[in-house]
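Structure below; questions to follow.
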Amino acid sequence: MAAPSYVFTIARVAEMLGEDEAWLEELAEQLEPEDGCLWIRDTDDRVTLGFTDRGIESLKELSLDQKR
């Protein structure tokens with residue numbers, strides 16, 4: 001499997017999935033880097049969650065499980 005060449009921020013993933021960003025962030029606490037969920041550090045020690053394609057799929061699965 002090739003290494004990911006880009007990631008999507010939590011804000012972008014929420015927009016893509018039509019879900020609440022805060023709720024997705026809570027769900028993402030269950031994910032690990034192996035699931036495609038990464039922390040991105042910016043200037044001034046700001047951090048945000050980032051997701052590879054695999055991470056987006058993992059988050060989708062979690063959200064579907066929570067809705068059932």
Side-chain angles (χ1 to χ4, degrees):
M1 175 187 237
S5 58
Y6 58 89
V7 295
F8 294 92
T9 64
I10 184 79
R12 179 67 178 120
V13 173
E15 192 176 84
M16 290 166 58
L17 299 180
E19 298 288 358
D20 179 69
E21 183 177 338
W23 183 66
L24 289 179
E25 198 164 327
E26 285 181 35
L27 290 179
E29 291 176 8
Q30 300 175 51
L31 299 176
E32 299 292 332
E34 296 82 16
D35 300 316
C37 179
L38 308 166
W39 283 101
I40 302 168
R41 288 205 170 271
D42 200 354
T43 59
D44 299 327
D45 288 327
R46 290 181 299 182
V47 294
T48 189
L49 281 170
F51 299 88
T52 63
D53 287 336
R54 178 183 171 104
I56 294 170
E57 290 303 315
S58 297
L59 203 52
K60 274 189 209 177
E61 290 174 18
L62 277 176
S63 69
L64 289 174
D65 287 346
Q66 290 294 313
K67 289 179 180 181
R68 290 182 198 165

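These numbers were taken from a predicted model, which means no experiment stands behind them. One-based numbering along the sequence shown. All values below were derived from every heavy atom in this structure, side-chain atoms included, with hydrogens, water molecules and symmetry-related copies excluded.
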Would a 4.5 Å heavy-atom cut-off, applied to side chains only, mark Q66 and E26 as touching?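 The answer is no; the side chains never approach within 4.5 Å.
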Nearest heavy atoms of L49 and C37, plus distance in Å: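 Closest approach of L49 to C37, heavy atoms only: CD2-SG, 3.7 Å.
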Tell me whether L62 shares a hydrophobic cluster with I56, the cluster being built from Ile, Leu, Val, Met, Phe, Trp, Tyr side chains joined at under 4.5 Å.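 Both belong to a single hydrophobic cluster.
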In chain order, what residues pass the side chain to side chain contact (heavy atoms under 4.5 Å, CB included) check against E32, with sequence neighbours excluded?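 If we apply the side chain to side chain contact (heavy atoms under 4.5 Å, CB included) test to E32, skipping adjacent residues, the hits are E34, D35.
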What is the distance from atom CG of D53 to atom OH of Y6, rounded to the nearest 0.5 Å?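 Going from CG on D53 over to OH on Y6, the span is 4.0 Å.
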Please report the shortest heavy-atom distance between I10 and E25, naming the atom on each side.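 For I10 and E25, the tightest heavy-atom pair comes out as CD1-N, 4.0 Å.
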Linking I/L/V/M/F/W/Y whenever any side-chain heavy atoms sit under 4.5 Å apart, do L38 and L59 land together?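 Hydrophobic grouping puts L38 apart from L59.
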Applying side-chain hydrogen bond (donor to acceptor under 3.5 Å, both in side chains) between R46 and each of T43, D44, T48, report the one that passes.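 Running side-chain hydrogen bond (donor to acceptor under 3.5 Å, both in side chains) over T43, D44, T48 with R46 returns exactly one hit, T43.
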Per the side chain to side chain contact (heavy atoms under 4.5 Å, CB included) rule, which among E19, E15, E21 passes with L17?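 So the option named by the test is E19.
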Under 4.5 Å between side-chain heavy atoms, counting indirect links through other Ile/Leu/Val/Met/Phe/Trp/Tyr residues: same cluster for F51 and L64 or not?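 F51 does not cluster with L64.
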Which pair of non-hydrogen atoms, one from G55 and one from L31, has the smallest distance, and what is that distance?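 In terms of heavy atoms, the two residues are closest at O-CD1, 4.3 Å.
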Nearest-0.5 Å distance, CG of residue L24 to NZ of residue K60: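 Rounded to the nearest 0.5 Å, the CG-NZ separation comes out at 11.5 Å.
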Assess whether a salt bridge exists between R54 and E57, defined as any Lys/Arg side-chain N lying under 4.0 Å from an Asp/Glu carboxylate O.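 No, no charged N to carboxylate O under 4.0 Å.
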Considering only heavy atoms from C-beta outward, does the side chain of S63 approach that of W23 to under 4.5 Å?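 They are in side-chain contact.
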Taking atom NZ of K67 and atom CG of D65, what is their separation to the nearest 0.5 Å?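 CG of D65 is found 11.5 Å from NZ of K67.
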